[in-house]
Visitor: 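My structure is below; once you've seen it, I'll send some questions.
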Amino acid sequence: MKTIASLVLAAIAATTAAPALAQPQFAQPADAIKYRQDTFKELRDNFGRVGNIASGKAPFDARIAADSAAAAAEIIRKLWAGFGPGTEGGKARPAIWKEQDRFKELAVKAEGELDKLAAAAKTGSLDAIKAAIGPAAASCKACHDAYRN
Ligand code: ASC
């Protein structure tokens, strides 16, 4: 039976211990690597949909563009959790863990560019998407060139 005290404690724990965003925890580096790969794939699928629209490979559907761009801007922020201490491996270069400031700088830049792409897509203007896709792709590439094998 739950006592009042245990309910109060649970309520306190829920309000004080809960991080703003639940962060996954990984028992093994391999789990973090899998998480990174899955999350990057999800990001690529969404970004790719917008890219295909921007390049004309896919027909312009404002709803798909807006939803996919918004998803990409959200998903990129889930990557952080996958690069915790001691999770070197996969295609990630060890430099990530030695140059955390620069890695973070490039990642934050990419987040900002995906935010701009999401804002552009939300307007429903294909021209706005076309203008934002290049800088967004360049910000992805800058980080890959520096930190992906
Ligand atoms: C993509 C994808 C990337 C980026 C990058 C941009 O669609 O999978 O990694 O765009 O290639 O240069």
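As the structure lists them, so they are numbered: ligands from 1, and atoms in each ligand from 1. Atom set for the values below is all heavy atoms of this structure, side chains included, hydrogens, waters and symmetry mates excluded.
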Visitor: Is Ala137 in polar range of ligand 1, meaning some N or O pair under 3.5 Å apart?
Guide: yes
Visitor: Quick one: nearest non-hydrogen protein atom to atom 3 (C) of ligand 1, plus distance?
Guide: His144 CE1, 4.1 Å
Visitor: What protein heavy atom is closest to atom 1 (C) of ligand 1, reported as residue, atom name and distance in Å?
Guide: Phe47 CD2, 3.7 Å
Visitor: Got the closest protein heavy atom to atom 4 (C) of ligand 1, with its distance?
Guide: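 Going atom by atom, the protein heavy atom closest to atom 4 (C) of ligand 1 ends up being Cys140 CB, 4.0 Å.
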Visitor: Counting from 1, what ligand 1 atoms have a heavy atom of Lys141 closer than 4.0 Å?
Guide: 12 (O)
Visitor: Quick check: closest heavy atoms across Tyr147 and Leu106, and the distance to 0.1 Å?
Guide: CE1-CD1, 3.7 Å
Visitor: Pull out every atom of ligand 1 sitting under 4.0 Å from any heavy atom of Arg44, numbered as shown with elements.
Guide: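 Counting atoms of ligand 1 from 1, those under 4.0 Å from Arg44 are 2 (C), 8 (O).
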Visitor: Show the numbers, then the answer: is there a side chain to side chain contact (heavy atoms under 4.5 Å, CB included) between Gln100 and Trp97?
Guide: CA-CA 6 Å; Gln100 288 272 291; Trp97 287 268; 4.3 Å; yes
Visitor: Going by atom types alone, do Asn46 and Arg49 pair a side-chain donor with an acceptor below 3.5 Å?
Guide: yes
Visitor: Looking at atom 11 (O) of ligand 1, tell me if a protein heavy atom falls under 4.0 Å from it.
Guide: no
Visitor: Between Ala54 and Leu126, which heavy-atom pair has the shortest distance, and what is it?
Guide: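 Taking Ala54 first and Leu126 second, the nearest heavy atoms are CA-CD1, 4.5 Å.
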Visitor: Between Lys41, Glu42, Arg44, which is the residue that forms a side-chain contact (heavy atoms from CB on, under 4.5 Å) with Ile75?
Guide: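 Of the listed residues Lys41, Glu42, Arg44, the side-chain contact (heavy atoms from CB on, under 4.5 Å) partner of Ile75 is Glu42.
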Visitor: Around Glu74, counting heavy atoms of other residues, nucleotides and ligands shown, do more than 12 lie under 6.0 Å from its CD?
Guide: no
